[in-house]
2 protein chains.
Amino acid sequence: MTIRQDIHSAGIPVLCQSCEARHRGLCGALEPDQLIELSKTSSRRGVSPGAELTGDAEVVERYSNVLSGVVKLTKSLSDGRQQIVGLQFAPDFLGRPFKSESAISAEAATEVSLCSFPRSVIERMMKLSPGLEHRLLKQTLNELDEAREWMLALGRKTASEKVASFLLMIARNIDPATDPAAKSASFELPLTRADIADFLGLTIETVSRQLTRLRASDVIRIENNRHVTVDNLSHLEQRCGD
Amino acid sequence: MTIRQDIHSAGIPVLCQSCEARHRGLCGALEPDQLIELSKTSSRRGVSPGAELTGDAEVVERYSNVLSGVVKLTKSLSDGRQQIVGLQFAPDFLGRPFKSESAISAEAATEVSLCSFPRSVIERMMKLSPGLEHRLLKQTLNELDEAREWMLALGRKTASEKVASFLLMIARNIDPATDPAAKSASFELPLTRADIADFLGLTIETVSRQLTRLRASDVIRIENNRHVTVDNLSHLEQRCGD
DNA sequence: CGAAGTATTGAAGTGAATCAACCGTTGTGG
DNA sequence: CCACAACGGTTGATTCACTTCAATACTTCG
């Protein structure tokens, strides 16, 4: 048994062996020798909430995998109005291939751990191994589905439906280990009220009021502003409008 | 000269020879023999405005390329509120690979011409030729960029900024032949007021009022409700907020 | 012509934004 | 060790942009 395990992970870089990105993320498409090559130029780093990972209209020379934590992708108008257009969880890939400027900025929402590597290396590998591009296509299609899901929310849902939908999305993403069909959930909100507002196209005050209403209706419990418990997820689902 | 042309298009199915999808779309990634194989099972068809191409939560057995016209992608809430989450122009690919149900419905916004083929054939080809998947990835990444652009608009732009942004987007898409740096534009709106409202997360009345305001400010001219002329596109850009 | 569909315009209502005050926690330095 | 500033969050009063409701026009087509 231990021998089989050894054989199976033979040649895989130590750092990669228990890595989320290799199990469920992009690196799962790589052969051991490719993992070795990539790991030569890759480096792990932790960043703190608020740290800007890639700025708007900035040339990006390194791509990353999110290993833990939550990264927010934001777009802004010239007068400062801001919208979060995506949240990246582990083991999502972070980067915009085939385009150096992306008009999106990425910022750590929580403590984040990243594994980053040079743009050039991964792009070269993508040419050689179709499996890599295939995984990237799948993730991109999923992100597109999510973006469109939120377009519906932003354009047509009420403030309370938006907040309910947001909580449900977080509950489903924050701990993927939990059964997707679980009845209850308990988690730390990865975003501040300001971030939630920027995600839902609302103001801080409106978000706060809606959370208060959900609490008053016994749909959720809140401790320390951040910790949310949902005893019955279906109550939340009923408030999402869809 | 004519000989070279003959040699170059040797073996390419007649229908494909002048096809937009082969020049700028997905089929550009296919070799002549693959084009021949695909064309055996593909068929062109025209559909009229309002025709539903693929319904919500419906199993999709055929994918398509848009050859002309505009297709709207919509999502709905249970009470009927609707949001357009994407517009597809020629030569966009229409379909959601790797997922039979898509939670999105597609409907012709104008007279539309499609070239459709069985899901299975294109998915098999995708496994064999990485170039195909590469093109699809590129289109998907572009659609994701666009979706996020509209998330910003839906969440943070005012009604008048939304309408200005919409007109600008249409002006840039409707006739890709025109210089992207052109100063003026003149075009038929591919959407009704109701569709524009569903796209921008507004009501018909608000869209109408904002168009009236733009007309009153001499930014646009409108004839027959549908034909719009923009003498100075930069005036429109200034009203987009970004 | 008349009916149906599409668009404009006006008046009234409302959901969320804005403006403003206050609370609780955290961290800092006198 | 405490005063207090900084920050994040809640709550209330008021305002306003957009919706809703309603009436009227335009366009198209049998």
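Quantities reported herein were computed from a predicted structural model and do not represent experimental measurements.
- Glu111(A) and Ser48(A) are linked by a side-chain donor-acceptor pair at a separation below 3.5 angstrom, with hydrogens and angles left out of the test.
- Tested against Val60(B), the residues Leu94(B), Thr54(B), Leu53(B) include a single side-chain contact (heavy atoms from CB on, under 4.5 Å) partner, Thr54(B).
- If you look at Phe93(B) and Tyr63(B), their ring centroids are closer than 6.0 Å.
- The 5' end of DNA chain D is approached more closely, in terms of each residue's nearest nucleotide, by Thr192(A) than by the other of Ser160(B) and Thr192(A).
- Following rounding to the nearest Å, Leu191(A) (CG) and dG8(D) (P) show an atom-to-atom distance of 13 Å.
- Annotation: of the two residues near DNA chain D, Ala194(A) and Arg156(A), the 5′-most nearest-nucleotide partner is Ala194(A).
- From Leu202(A), atom CG reaches atom OG of Ser208(A) across 12.0 Å, with rounding to the nearest 0.5 Å.
- Residue Thr203(B) places its side chain closer to dT19(D) than to any other of dT19(D), dA16(C), dG9(D).
- Taking atom CG on Leu202(A) and atom P on dA17(D), their separation rounds to 18 Å, with Å as the unit.
- The NZ-P distance, from Lys157(A) to dG15(C), rounds to 19 Å in whole Å.
- In this structure, Asn224(A) atom CG and dT10(D) atom P are separated by 12 Å, rounded to whole Å.
- Nucleic acid contact class of Gly50(B) (heavy atoms, under 4.0 Å, all strands): none.
- To the nearest angstrom, P of dA7(C) lies 16 Å from CD of Glu223(B).
- Distance Asp195(B) CG to dG5(C) P: 16 Å, rounded to the nearest Å.
- Atom CG of Leu189(A) is separated from atom C1' of dG9(D) by 13 Å (rounded to the nearest Å).
- Of the residues listed (Leu214(B), Val219(B), Ile220(B)), the one engaging Ser217(B) in a side-chain contact (heavy atoms from CB on, under 4.5 Å) is Val219(B), and it is the only one.
- The CD1 atom of Ile204(B) lies 10.0 Å from the CD1 atom of Ile196(B); values are rounded to the nearest 0.5 Å.
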Checklist outcome for this item: Reading nucleotides 8-14 of chain C from 5' to 3' and marking B where a protein heavy atom lies under 4.0 Å of the base, S where only the sugar-phosphate is that close, and - otherwise, the string is BBBB---
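- Sorted by first and then second residue, the pairs that involve residues 228-238 of chain B and meet salt bridge (Lys or Arg N to Asp or Glu O under 4.0 Å), not counting sequence neighbours, are Arg172(B)-Glu237(B), Arg221(B)-Asp231(B).
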